[in-house]
4 protein chains.
Amino acid sequence: MDKPFGEFKVQEIPVPEPKRGELLVRQVMCGVCGTDVHIYQGRLPDVKYPLVLGHEIIGTIEKLGEGVNRDHTGREVEEGDLIYVIPALRCRRCYFCLDLRQPNLCMNGTAYGFNPYPDEPPGFYGGYGEFIYMRHPNSEFLKMDAKPEAAVFLEPLTIGIHAVSRVDIHVGDVVVVQGAGAIGLSALIAAKEKGAFKTIVIGAPKSRLELAKEFGADLTIDIEEIEDPKERVEIVKSETRGGYGADVVIECTGFPSAVPEGIDMVRRGGFYAVAGHFTDAGPVMINPYSAFTRKHINLVGVWSSRLEDFIRGRPIIESGRYPIEKIVSHKLPLERCKDAMEAMIEGYRLDGKEVRKIVIQGGL
Amino acid sequence: MDKPFGEFKVQEIPVPEPKRGELLVRQVMCGVCGTDVHIYQGRLPDVKYPLVLGHEIIGTIEKLGEGVNRDHTGREVEEGDLIYVIPALRCRRCYFCLDLRQPNLCMNGTAYGFNPYPDEPPGFYGGYGEFIYMRHPNSEFLKMDAKPEAAVFLEPLTIGIHAVSRVDIHVGDVVVVQGAGAIGLSALIAAKEKGAFKTIVIGAPKSRLELAKEFGADLTIDIEEIEDPKERVEIVKSETRGGYGADVVIECTGFPSAVPEGIDMVRRGGFYAVAGHFTDAGPVMINPYSAFTRKHINLVGVWSSRLEDFIRGRPIIESGRYPIEKIVSHKLPLERCKDAMEAMIEGYRLDGKEVRKIVIQGGL
Amino acid sequence: MDKPFGEFKVQEIPVPEPKRGELLVRQVMCGVCGTDVHIYQGRLPDVKYPLVLGHEIIGTIEKLGEGVNRDHTGREVEEGDLIYVIPALRCRRCYFCLDLRQPNLCMNGTAYGFNPYPDEPPGFYGGYGEFIYMRHPNSEFLKMDAKPEAAVFLEPLTIGIHAVSRVDIHVGDVVVVQGAGAIGLSALIAAKEKGAFKTIVIGAPKSRLELAKEFGADLTIDIEEIEDPKERVEIVKSETRGGYGADVVIECTGFPSAVPEGIDMVRRGGFYAVAGHFTDAGPVMINPYSAFTRKHINLVGVWSSRLEDFIRGRPIIESGRYPIEKIVSHKLPLERCKDAMEAMIEGYRLDGKEVRKIVIQGGL
Amino acid sequence: MDKPFGEFKVQEIPVPEPKRGELLVRQVMCGVCGTDVHIYQGRLPDVKYPLVLGHEIIGTIEKLGEGVNRDHTGREVEEGDLIYVIPALRCRRCYFCLDLRQPNLCMNGTAYGFNPYPDEPPGFYGGYGEFIYMRHPNSEFLKMDAKPEAAVFLEPLTIGIHAVSRVDIHVGDVVVVQGAGAIGLSALIAAKEKGAFKTIVIGAPKSRLELAKEFGADLTIDIEEIEDPKERVEIVKSETRGGYGADVVIECTGFPSAVPEGIDMVRRGGFYAVAGHFTDAGPVMINPYSAFTRKHINLVGVWSSRLEDFIRGRPIIESGRYPIEKIVSHKLPLERCKDAMEAMIEGYRLDGKEVRKIVIQGGL
């Protein structure tokens, strides 16, 4: 991609030979993320153009650099194995990485798919391509024993896992997820795995809510049917102990207006996790008296995810507990990256089918 | 007080004889709280008029009911002893009191000074009077070994203690307090007692900030001198490790505009406690991206306080570590309750002196 | 029961009429708990004889006292409804109840089944009888919509729920339960509800371990087959990430020797909950270097349970997610209380069947 | 040092030239730690001989390698500046470093003073020498603005800071420290900085307890005067709210027998941190019923410390709040390393003076 709202060019460049500690990966699939769209739109000021997009990458090992024979957790690997490319490249030296032990807030972090080598011409450093060259010394990967269509969801799943690690979910608790997109489903899975007793998903369209039910949501609320936020709040409350509200609400929409609505759904003393605002969509009016002090709220932001979230997510995908492969709705070749961007921006449908998760397939 | 913005009438009524388990207290002082002013203005819809205001009550035991010979923590008491009347009367039966163990969120709570017996004519159930009749079965009191001018501050101090119990303060951390009023000083004391390494108080006027320094604030920022919130944010940041922002910020102003400013002062991954919004002062614009998700914030509301906060506050006052008695600026007789209200509403001065904490003295 | 190792006498006494706020309950079943056996053996020095044993009580409402028309959580009740008698009677006034908000550590607590009125002749204050007279002002009960054989397990289930509330279980974690008795199964259910990814139960005999598998244990270790503790530790480690040990181990055996073995199973930095030592079974050798400091352990004791644990447990039983009713192995009439005691002391079998949970049926 | 109980040889070897990213430090002082003595005694099986001991190192920058111009927190440095050598060298790649974010449990960690290059002849990789060559890529250092006699205490101080980060200290809490040696004083300082309201130090000899008082201990208990542990427990209890026991006890002795005594001092539901058992001193009898389950204890082990603990400790030393420089009792030249070892093993005195902290001065 050459510039905001620019063109995706498919180029042939020489495939590098991985050196000691490096890895060359043949892409199998790369998920299209809302953040990719934000980069396409030029809304992430720190990302430099041109670049190769894509950070939800599953591939097979094409060539192992010298000394590389195990994945991050010690599983033995050989050429041909399916692996997940952990995109984030933390510095492991800064105040946040080392001292506060919050590597998700790394001061010097970059990632595959975010142009980690901005001073060079674009290379194999993103998932929208045939190969990924894992050249950075802090690169990590995980061998996966799952279908690629399910495995590709690992990175989105880490956001939900990170979110639930920031709230208390006690035995018997009711958890609400605002949003039925990829992050919403990720939060739903994570909430169930963290012990939510009852889960409620709020979103649209109907088909996504049906998918949420397949994933185990106890109740779904269709915002196209129940258009009044107050009514939605009342429905949530009526499903909770004493009608006091949900113990935990996780925001996965990216819409500022979802925030005050979600806070209204939380019981006094409960948790609200704002996990969907990866980019600036503007401010919203919040009343500090009713939303914060009187609510005695615990509101947490959830920025990015951590290596541990990948480790924790892998066995969930490998277990086959959830029909995760159904999230992939479209498989597009490299030539159709721009179609993917526009489908994500404009609406729910592409090629006559509703959009859930589009994946780009780099293979020729 | 008969109605919102009404009159304070001083009436003589028969002094009750305390029955088994009850107590009659001769008022020594009662602090005037911002919440009293909100009741005076009719801004607390649940409070019924007429009533006797006042919930920051220090007094001497006038008459012990049968069976009462120790305070809540087991200190022996006799008539004449100085005690603090714990105002809150929790039900100890509801979901919040018993099941969630959050009695500050009691569904059926009332308090001395908030008209606990709304179906009866006003009696000795508030601090703006000569006596307090502790008749409720859930009444508790604490014997205090301190000057009344210091002891009267126990209830406000509990708000700060409660606030710091809701955040993490690690060794070496920087804590900012927004507000230099009674709650601001309470939060300052509590932050120091909870282990803040460096404390910064932001507020006005200058004389209050000087008092904050006497209480041990390492730095004060005068909002009348530094009028630009952005500049104040920069000053705070420059005082923190790496310039990243404060580890903890505690809001004690009640002004909605203080909230986004305070969030800007918090480092990523830090804590923001909203402790000053006891009444509805309207909404404010907040950006969920920068203030919540990207900030990876921990934002907590702080509603009321708990018995344990009184137990924890008493030894601090008794230790004499802080010149708490200097907070009391005015001692007014019962007849001047309305003057107190108006001074709190209109400004900083009364009787030619700056207002810090006004106390009402019920004695004739 | 008249004294340690004494007789259980079935007596007829007048059935009381419940007064305002009280309740008369017709017993349906009362579980026999190991603690009952300890009382039978005279090992709980605070309990006075004679008394009526039994604190795992499910019954129907025989007579509602005036003003009683809802259960503790607000469900409407009428005569004939099935309810659980919450046995614990906390004072709601002491330092632990009110100030530390740890009512399970109440200084003045008693309970139905533990002789709450020691100065009176035994009355209907325990579960081994035809009626229970809920006379204490702090009595609480819960309406239950479940088979009595499952519902009777609510009190034991609260121990497991309390235990998991004291440890961190993250998404993907491995939890080991030492013990396959009632408390072991309780901890297993609770661990699964709190989000354990993999659960391992260690105990005997084989039939109990088979029941644990029906409850969802991923692996069981039979101590009669694998007799060497070191070997058991190695099996557990081999089932964990990197072979480092379990993230959480919950002790539910009451045997001191289980403690060092269980600590060996915990990974460095993990959690060990000692939930099975309700009575003194003697000391054990522990090495503070390897078990505590070098292990960087988080070891928590779990004493009794809290009202919230009952609230959290009820929907689990009502959901029918687990075949809880299979835990009841024997239903004995009042006349056979002593047989129950001896079967619990001597071994695994009674009336030719293996003992899981014995219940006493008070009905004539 | 050539082998357990062997000789310390002072050798001259060529001083290396620091390469890019490296540092050469001229030793100013190196504290003698109990762990050094354990290595001298051959009690740390992982450490290979021969080696240069010493990991509490303060020195001046002799030569900056290319690209090194700031310390770990960004303070600018130049040759001649006083710095602390952070001894621990974590791998920053393993499951504990990266995934669990517990670098103190690093699987591949080593440290200056523990022979980080065991396959080479001893070099400048420990503090008992004239220079320290910071060659490892994960080396970190901190510029310090304090007297060397105070600054040298930073590493011991991190143990106390780490310990208090593992317990809850609420406003008003009583904290007991078992042990008045270097780690005991470290825990005392940390407890005060974390907000302990009252601190009690238990140990001997009298002169160390007097030093503890200078550091702000509210009470000291001399174990040479009060020889009966039960009596010591009673004294502690009598100093706590309601006589229930200390909220937090921190073990800093290394003696197994201190553990059950310390647990007896904790109130039910309180914290016990085992911070003093860095080496195996054998097991001790503990009763799981009274010490764990019934006590409802929170017992935490404290292994090593983390970079953040150094960051948090530096400003405490720089503030001059505590007379830390008084801890250094002896300054010995390199030739007397063995005297230091034997004084630490045999008793309290060396050169006619009581031993607190011995430092080795490498300068010629």
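Source: prediction; values computed, not measured. Labels below follow one simple rule: chain letters A, B, ... track the order of the sequence lines, proteins then strands, and each chain is numbered from 1.
Between the side chains of C/H55 and C/D36, a donor-acceptor pair is found at a separation under 3.5 Å. A donor-acceptor contact closer than 3.5 angstrom is absent between the side chains of C/R306 and C/T158. The closest side-chain donor-acceptor pair between D/N108 and D/R90, if any, does not fall under 3.5 angstrom.
Of the residues considered (C/I286, C/V300, C/D99, C/L100), C/I286 shows the highest number of contacts with chain D, using heavy-atom pairs under 4.5 Å. By number of non-hydrogen pairs under 4.5 angstrom with chain D, the leading residue of C/R268, C/K295, C/H170 is C/R268. Looking only at heavy-atom pairs under 4.5 Å with chain D, the residue among C/R166, C/M285, C/R294 that has the most is C/R166.
With a 4.5 Å cut-off on non-hydrogen atoms, C/V274 touches chain D through its backbone and its side chain both. Within the 4.5 angstrom heavy-atom criterion, no atom of C/Y272 approaches chain D.
Contact of the C/D173 side chain with the C/R241 side chain is registered, since non-hydrogen atoms from C-beta on lie closer than 4.5 Å.
Here the shortest heavy-atom pairing between D/V259 and D/H277 reads CG2-CE1, 3.9 Å.
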